There are 2 protein chains.
Amino acid sequence: MSGSCFAEKLSELIDLTEVEHKTLEKLEERQRHVRRGAVLQRENEGGGELYVLRKGLMMSYVLLHDGSRQILRFLFPGDMLGISSAVYQEAPETLAALSDCVVCPFDRGVLADLMREHPRLAAMVLVYSQIERVALTDRLAALGRTSAKARVAALLLDLRNRLRATDKSLANVFSLGLTQEEVGDATGLTAVHVNRMLRQLEEEQLIAREGGRVTLLDERALARAANYVNRYEGLDLGWLPKAG
Amino acid sequence: MSGSCFAEKLSELIDLTEVEHKTLEKLEERQRHVRRGAVLQRENEGGGELYVLRKGLMMSYVLLHDGSRQILRFLFPGDMLGISSAVYQEAPETLAALSDCVVCPFDRGVLADLMREHPRLAAMVLVYSQIERVALTDRLAALGRTSAKARVAALLLDLRNRLRATDKSLANVFSLGLTQEEVGDATGLTAVHVNRMLRQLEEEQLIAREGGRVTLLDERALARAANYVNRYEGLDLGWLPKAG
DNA sequence: CGCACGCTTGACTTACATCAAAAGCCGTGG
DNA sequence: CCACGGCTTTTGATGTAAGTCAAGCGTGCG
């Protein structure tokens with residue numbers, strides 16, 4: 001087992017060579033602990049570093065002029081953070097920790113080195129950036145065209161699926177680790193309405209709740225109600241450049 | 001001037017070498033004409049090819065179970081299309097032409113070659129994919145947290161700015177080339193409500209309209225109302241691998 | 001010419017927001 | 001160990017932005 005979280009994630013899709021492993025370990029040489037609630041990078045500030053998230057749950061969000069917040073994405077162990085901020089002089093989004101986290105900061109130059117020396121890894125960075133793109137378009141469609149209930153259901157399904165990516169043993173029960181306010185900021189709803197939607201899902205026997213833990217009782221029906229597609233399946237990587 | 005649309009777009013950000021130019025021309029060796037309304041690639045179908053859009057206006061969209069449509073993105077000359085579809089066995093989105101278009105199809109293998117032999121171009125593909133990512137998150141925030149009027153205003157501003165990227169002479173007047181239904185499908189609104197918002201923007205002297213042409217009368221106020229940020233500025237490319 | 005499609009406008013409905021208040025829960029300090 | 005203050009969660013009453021339905025109009029095109 002490698003010392004790199006990112007490598008571990010890549011290993012699910014391709015077989016890494018020894019050299020590739022070594023290269024990826026360079027991304028995670030340094031470590032930094034981030035307290036729950038702390039901000040790793042603030043919107044409109046410069047000097048964006050890149051990170052690999054090693055442990056914990058984070059989110060990225062933007063604030064609008066009226067003070068409202070839109071959560072753009074939840075971040076899980078193995079995810080690479082701050083690529084978009086690295087491309088801009090000023091970060092387009094804030095990165096904040098939802099639980100105590102461990103991140104590995106690395107320099108943009110290291111990414112450049114990686115792209116120069118390891119085309120296949122460069123291609124994989126592009127692949128993940130496309131997976132994320134598709135996840136964003138799914139959410140865009142959800143916000144633009146689906147009901148409040150569907151959006152909440154989709155969020156529950158997606159969180160569970162992404163948690164499961166790091167913890168295979170995870171079944172239908174999990175603690176979502178978000179306040180209803182945060183669920184609202186992710187789905188474009190108010191906390192009050194999120195509460196009502198959760199209760200409705202509960203009444204319809206689609207989920208159960210007790211003390212912050214959620215159980216998905218009827219995953220099939222939930223996915224139907226949410227227009228949900230699991231985007232972590234169905235990839236095609238046959239075209240990648242050869243290793244080495 | 002190069003024969004490649006994509007190269008032309010890249011040239012705005014970096015100075016391409018002779019060899020890089022040659023490489024990019026390979027992406028646009030073949031040409032295909034696409035009629036207004038025609039579909040280049042359909043959601044959930046396989047065999048996704050990649051394209052560079054050379055001429056015209058296209059869009060990508062998804063259809064939901066209830067038949068409603070969410071337009072994800074408008075595509076302009078110089079844009080690379082179908083990267084996300086190339087990563088999946090089945091295309092996650094439909095590509096359709098809003099006007100008569102010319103596209104240049106190329107194989108995923110060509111992209112792999114490019115990434116292997118030209119790290120700097122590979123990095124630029126990643127950069128554009130991040131610019132697009134940020135554009136999507138801006139739209140996500142708009143759909144989740146802003147009013148109908150703001151969303152319509154943001155769409156008008158963005159269309160004008162992106163049109164101007166291909167035609168520098170474009171000022172404040174342009175024909176948007178979209179039906180109000182399409183504007184609605186992009187902003188998560190109904191055609192009827194789009195109409196009302198346009199009229200309101202007109203009444204407030206923010207825009208003027210006549211026969212499909214729109215004039216932005218007060219760009220500053222419009223941007224403020226829309227929470228709009230132009231994402232085609234403020235890039236930082238100092239970290240790119242060296243050419244060659 | 002006439003038909004289809006897009007635009008416009010009005011009347012009415014509805015999903016979600018807002019406002020408000022009470023009750024649980026959780027860490028902190030006396 | 002308990003009391004307190006500050007978050008969350010929950011629920012009800014009311015408001016409103018945007019959707020739905022419907023009809024009339026202009027216009028380009030077969």
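Every value quoted in this text rests on a predicted model; they were computed, and no experiment measured them. Residue numbers begin at 1 in each chain, while the letters A, B, ... track the order of the sequences.
Considering all non-hydrogen atoms of both residues, B/Leu53 and B/Leu75 come closest at CD2-O, 3.4 Å. Here the closest non-hydrogen pair linking A/Phe74 and A/Arg162 is O-NH1, 2.8 Å.
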request  = Before giving the answer on side chain to side chain contact (heavy atoms under 4.5 Å, CB included), spell out for A/Val194 and A/Met197 the whole-Å C-alpha distance, their side-chain angles and the decisive distance to 0.1 Å.
outcome  = CA-CA 5 Å; A/Val194 168; A/Met197 293 304 102; 5.7 Å; no
request  = Determine, stepwise, if the pair A/Asn161 / A/Tyr228 fulfils side chain to side chain donor-acceptor pair (under 3.5 Å).
outcome  = CA-CA 11 Å; A/Asn161 287 343; A/Tyr228 184 76; 3.2 Å; yes
ask   = Can B/Glu49 and B/Arg30 be said to form a salt bridge (Lys or Arg N to Asp or Glu O under 4.0 Å), step by step?
value = CA-CA 13 Å; B/Glu49 251 181 322; B/Arg30 288 181 289 151; 3.6 Å; yes
ask   = Hey, mind stepping through B/Leu156 and B/Arg151 against side chain to side chain contact (heavy atoms under 4.5 Å, CB included) and telling me if it holds?
value = CA-CA 9 Å; B/Leu156 293 179; B/Arg151 290 184 232 169; over 6 Å; no
remark   = In 5'-to-3' order, the base (B), backbone-only (S) or no-contact (-) status of each nucleotide in nucleotides 21-28 of chain C, using a 4.0 angstrom heavy-atom cut-off, is --------
request  = List the protein contact pattern of nucleotides 20-30 of chain D with one symbol per nucleotide (5' to 3'): B for base contact, S for sugar-phosphate-only contact, - for none; contact means a heavy-atom distance under 4.0 Å.
outcome  = BB---------
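Side chains of B/Ser85 and B/Gln41: a donor on one and an acceptor on the other come within 3.5 Å.
Applying the side-chain contact (heavy atoms from CB on, under 4.5 Å) rule to A/Arg196 yields the partners A/Val192, A/His193, A/Arg199; only residues at least two apart in sequence or on another chain are considered. For A/Gln130, there are no side chain to side chain donor-acceptor pair (under 3.5 Å) partners two or more places apart in sequence or in a different chain. For B/Leu163, the side-chain contact (heavy atoms from CB on, under 4.5 Å) criterion is met by B/Phe76, B/Leu170, B/Phe174, not counting sequence neighbours. Considering only residues two or more places apart in sequence or on other chains, A/Ala135 meets the side-chain contact (heavy atoms from CB on, under 4.5 Å) condition with A/Arg73. Applying the side chain to side chain donor-acceptor pair (under 3.5 Å) test to A/Glu204 and every residue at least two apart in sequence or in another chain returns A/Lys149.
Where the helix from C/dC1-D/dG30 to C/dG30-D/dC1 starts and where it ends, the local axes point in directions that differ by 40°; five pairs per end, rounded to 10°.
Straight-line distance from the CE atom of A/Met197 to the P atom of C/dC16: 6 Å, rounded to whole Å. Note: CG (A/Leu189) to C1' (C/dT18) measures 14 Å, nearest angstrom. The interatomic distance linking B/Leu198 (CG) with D/dA18 (P) rounds to 14 Å, in whole Å. Rounded to whole Å, atom C1' of D/dT10 lies 15 Å from atom CD of A/Gln200. Rounded to whole Å, the distance from CG on A/Asp66 to C1' on C/dT18 is 14 Å.
Applying side-chain hydrogen bond (donor to acceptor under 3.5 Å, both in side chains) to A/Asp185 and the options A/Gln180, A/Gln70, A/Arg69 leaves one that passes, A/Arg69.
Every pair passing side chain to side chain donor-acceptor pair (under 3.5 Å) that includes a residue from residues 214-226 of chain B is listed here, sequence neighbours excluded: B/Arg160-B/Glu219. Annotation: side chain to side chain donor-acceptor pair (under 3.5 Å) contacts involving residues 135-144 of chain B, sequence neighbours excluded, comprise B/Asp138-B/Arg231.
One finds the CE atom of B/Met58 at 4.5 Å from the CG atom of B/Leu40 (value rounded to the nearest 0.5 Å).
Residue-level contact check: A/Gly188 touches the backbone only, with heavy atoms under 4.0 Å from sugar-phosphate atoms and none from bases.
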Please produce a list of atom pairs where a protein N or O lies less than 3.5 Å from an N or O of nucleotides 3-7 of chain C.
residue	atom	partner	partner atom	Å
C/dC7	OP2	B/Gln180	N	2.9

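Proximity of residues 140-154 of chain A to DNA chain C (heavy atom under 4.0 angstrom from any strand atom) is restricted to A/Ser147, A/Ala148.
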